[in-house]
S.K.: 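I have a structure I would like to understand better, so I am pasting it below and will then ask my questions one at a time.
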There are 2 protein chains.
Amino acid sequence: METGDLRKVGLKATLPRLKILEVMQAHREAHLSAEDVYRLLLDEDEDVGLATIYRVLAQFEAAGLVVRRHFEEGHALFELTDIGPHDHLVCVECDYVEEFYDEKLAGRLNEIAAQSEFSIANHTLVIYGSCNRPECPSSKRKNN
Amino acid sequence: METGDLRKVGLKATLPRLKILEVMQAHREAHLSAEDVYRLLLDEDEDVGLATIYRVLAQFEAAGLVVRRHFEEGHALFELTDIGPHDHLVCVECDYVEEFYDEKLAGRLNEIAAQSEFSIANHTLVIYGSCNRPECPSSKRKNN
DNA sequence: ATAGCTGCAAAACCTTTGCAATCAA
DNA sequence: TTGATTGCAAAGGTTTTGCAGCTAT
């Protein structure tokens with residue numbers, strides 16, 4: 001059970017928290033908004049208030065379980081922390097998000113920091129562009 | 001005058017637009033929110049409605065005069081496009097911000113986007129760390 | 001038992017929009 | 001003149017908060 005995961009970070013193992021954690025884990029490849037989590041729980045007939053989801057996600061964030069991200073949209077997206085370091089490609093047309101990890105990039109970032117006499121701790125990198133997936137509006141336009 | 005800058009991109013040279021452009025240019029090193037622009041104009045006794053600022057900044061963005069960015073805050077920040085592409089090093093100890101542009105980095109980003117079949121438009125990169133400037137608390141700690 | 005948690009509804013944000021008045025060309 | 005632009009206020013969408021009741025320990 002994830003009950004332990006919650007206790008470990010000092011949170012009572014309540015039903016809403018367990019359910020929210022479950023949903024995050026069931027969609028660990030996705031970037032979910034509070035609203036997304038809300039709907040996914042409704043789909044399972046789990047009736048958790050939206051306010052609770054916001055509160056719990058904030059607690060998870062404080063506990064280091066999830067990270068909050070702001071891409072182009074007008075709302076925050078959350079993802080589990082345990083998937084490791086990675087950056088994001090975001091499609092500005094359809095909000096599709098892809099993750100990547102690039103060794104060379106990481107190396108170059110360290111060199112840059114070294115040149116500036118910075119001790120690098122971490123970074124945030126988001127590349128914006130148009131994905132060329134068939135279902136993206138940008139593709140349809142090119143087909144004309 | 002900046003009147004020309006506006007005409008060039010097909011916008012009537014109205015007072016509010018001129019004033020907003022002026023403020024952006026007077027703070028070209030900063031990242032301003034719509035609210036920031038609003039307050040800066042108030043400070044100059046220029047009374048421009050907040051709604052107008054949002055509208056004008058959106059027009060400037062469409063015209064390529066400014067770029068809209070979403071960092072970690074819950075609101076958008078705008079900066080002039082003409083300062084050229086650059087990224088940021090931020091010291092988490094003293095909030096010192098340094099801008100840099102790195103050719104190799106840019107090249108690698110393009111390669112990454114190409115691999116994912118993304119047409120890259122732009123990106124946001126912030127490196128967090130400790131600067132080692134003498135006036136930074138992090139340096140003082142090491143001197144002990 | 002009790003400190004902490006939840007749901008609801010209301011409030012707080014940031015941003016966009018409708019509309020009548022105003023302005024640049 | 002006339003279409004574009006503005007300011008205001010109202011609406012929109014996301015996130016936070018106050019509070020009374022509920023729950024895990």
Side-chain angles (χ1 to χ4, degrees), chain A residues 1-23 31-42 44-63 65-78 92 95, chain B residues 1-23 31-42 44-63 65-78:
Chain A
M1 250 320 186
E2 295 94 345
T3 307
D5 296 338
L6 291 178
R7 291 262 174 62
K8 220 176 297 175
V9 298
L11 293 172
K12 270 192 195 172
T14 64
L15 198 66
R17 296 218 260 242
L18 285 171
K19 288 300 172 189
I20 292 170
L21 187 51
E22 264 176 34
V23 168
H31 298 82
L32 302 177
S33 67
E35 184 85 25
D36 291 336
V37 175
Y38 180 67
R39 295 203 181 293
L40 286 168
L41 286 177
L42 279 192
E44 302 177 10
D45 287 312
E46 292 294 343
D47 221 318
V48 179
L50 188 51
T52 298
I53 294 179
Y54 275 105
R55 268 185 298 231
V56 169
L57 285 175
Q59 292 158 348
F60 284 4
E61 185 189 17
L65 257 44
V66 304
V67 185
R68 182 193 304 250
R69 306 213 174 259
H70 293 90
F71 298 127
E72 288 290 271
E73 306 92 357
H75 55 257
L77 298 180
F78 298 83
V92 296
D95 291 342
Chain B
M1 252 314 169
E2 294 93 346
T3 307
D5 297 338
L6 292 177
R7 293 260 174 64
K8 221 176 296 175
V9 297
L11 293 171
K12 269 192 197 171
T14 65
L15 199 66
R17 295 217 260 242
L18 285 171
K19 288 300 172 188
I20 293 170
L21 187 51
E22 264 176 34
V23 168
H31 300 83
L32 302 177
S33 67
E35 185 84 26
D36 290 336
V37 175
Y38 180 66
R39 296 206 181 292
L40 287 168
L41 286 177
L42 279 192
E44 303 178 10
D45 288 311
E46 293 294 342
D47 220 317
V48 179
L50 188 51
T52 299
I53 294 178
Y54 276 105
R55 269 185 298 231
V56 168
L57 285 175
Q59 291 158 349
F60 283 4
E61 185 189 17
L65 256 44
V66 304
V67 185
R68 182 192 305 250
R69 303 206 174 267
H70 293 89
F71 294 121
E72 298 301 283
E73 306 92 359
H75 54 259
L77 298 181
F78 298 83

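Numbers restart at 1 for each chain; the letters A, B, ... are given by sequence-line order, proteins then strands.
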S.K.: So Ala13(A), base contact, sugar-phosphate only, or nothing? Heavy-atom distance under 4.0 Å.
M.R.: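 Sugar-phosphate only.
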S.K.: To the nearest angstrom, how far is Arg17(A) atom CZ from dA24(D) atom C1'?
M.R.: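 Answer to the nearest Å: 10 Å.
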S.K.: Any N or O donor-acceptor pair linking the side chain of Arg55(A) to the base of dG7(C) at under 3.5 Å?
M.R.: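 Counting by modelled atom types and ignoring angles, a donor-acceptor contact under 3.5 Å is found here.
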S.K.: Are Arg7(B) and dA24(C) close enough that a side-chain N or O sits under 4.0 Å from OP1 or OP2?
M.R.: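 Looking at the OP1 and OP2 atoms of dA24(C), neither is under 4.0 Å from any side-chain N or O of Arg7(B).
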S.K.: Which of these nucleotides, dG4(C), dA24(C), dT15(C), is closest to any side-chain atom of Lys12(B)?
M.R.: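 Of the candidates, dA24(C) comes closest.
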S.K.: Mark yes or no for whether Arg17(B), through its side chain, and Lys12(B), through its backbone, hold a donor-acceptor pair below 3.5 Å.
M.R.: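 Side chain of Arg17(B) to backbone of Lys12(B): a pair is present.
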S.K.: Name the closest nucleotide to the His75(A) side chain, picking from dG7(C), dT14(D), dT15(C).
M.R.: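 Looking only at heavy atoms from C-beta outward on His75(A), the closest nucleotide is dT14(D).
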S.K.: Consider the side chain of Leu50(A), meaning its heavy atoms from C-beta on, and name the nucleotide among dC5(C), dT5(D), dT15(D) that approaches it most closely.
M.R.: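 Looking only at side-chain atoms, Leu50(A) lies closest to dT15(D).
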S.K.: Counting side-chain heavy atoms from CB outward, which of dT16(C), dT6(D), dG7(C) is closest to Ala51(B)?
M.R.: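 Of the candidates, dT16(C) comes closest.
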S.K.: In this structure, how many angstroms lie between the P atom of dC13(C) and the NE2 atom of His70(A), rounded?
M.R.: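 It is 16 Å, rounded to the nearest whole Å.
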S.K.: Let me know the distance between CG of Leu32(B) and P of dC14(C), rounded to the nearest Å.
M.R.: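 Spelled out: CG on Leu32(B) to P on dC14(C) is 15 Å.
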S.K.: Do Val37(B) and Val56(B) touch side chain to side chain, with heavy atoms closer than 4.5 Å?
M.R.: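 Val37(B) vs Val56(B): side chains apart.
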S.K.: Measure the shortest side-chain to side-chain distance between Glu44(A) and Val23(A) over non-hydrogen atoms and say whether it is less than 4.5 angstrom.
M.R.: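 Glu44(A) vs Val23(A): side chains touch.
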S.K.: Counting only side-chain N and O atoms of Tyr54(A), is one of them less than 4.0 Å from OP1 or OP2 of dT16(D)?
M.R.: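 So the side chain of Tyr54(A) is outside the cut-off, no N or O lying under 4.0 Å from OP1 or OP2 of dT16(D).
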S.K.: What is the distance, rounded to the nearest whole Å, between atom CG of Asp47(B) and atom C1' of dT6(D)?
M.R.: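 After rounding, the gap between these two atoms is 12 Å.
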S.K.: For Ala58(B), answer base if it contacts any base atom (sugar-phosphate contacts may also be present), sugar-phosphate if it contacts only those atoms, and nothing otherwise; contact means non-hydrogen atoms under 4.0 Å.
M.R.: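 The residue Ala58(B) makes no contact with any strand.
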S.K.: Whole angstroms only, please: what is the CG-P distance between Leu18(A) and dA24(D)?
M.R.: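 One finds 10 Å between P of dA24(D) and CG of Leu18(A), rounded.
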S.K.: Leu41(A) has an atom CG; how far is it from atom P of dT6(C), in whole Å?
M.R.: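 Taking CG of Leu41(A) and P of dT6(C), I get 12 Å after rounding.
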S.K.: Round to a whole Å and report the spacing from OH of Tyr38(B) to P of dC8(D).
M.R.: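 So the two atoms are 7 Å apart, to the nearest Å.
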S.K.: If you find the nucleotide of DNA chain C closest to Thr52(A) and the one closest to Ser33(B), which residue's nucleotide is nearer the 5' end?
M.R.: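 Its nucleotide being nearer the 5' end, the pick is Thr52(A).
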S.K.: If you assign each of Thr14(B) and Gly49(A) to its closest nucleotide in DNA chain C, which residue comes earlier from the 5' end?
M.R.: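 This one resolves to Gly49(A).
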S.K.: Measuring from the side chain of Pro16(B) (C-beta onward, heavy atoms only), which nucleotide among dT16(C), dT6(D), dC5(C) has the closest atom?
M.R.: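 For Pro16(B), the side-chain atoms sit closest to dT6(D).
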S.K.: Is any side-chain heavy atom of Leu11(A) closer than 4.5 Å to one of Phe60(A)?
M.R.: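 Counting from C-beta outward, Phe60(A) and Leu11(A) do come under 4.5 Å.
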S.K.: Just wondering, do Val92(A) and Phe71(A) contact through their side chains at under 4.5 Å, heavy atoms?
M.R.: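 No - every pair of side-chain heavy atoms lies 4.5 Å or more apart.
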S.K.: Please report, rounded to the nearest Å, how far the P atom of dA4(D) is from the CG atom of Leu11(B).
M.R.: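 In whole Å, dA4(D) P and Leu11(B) CG are 12 Å from each other.
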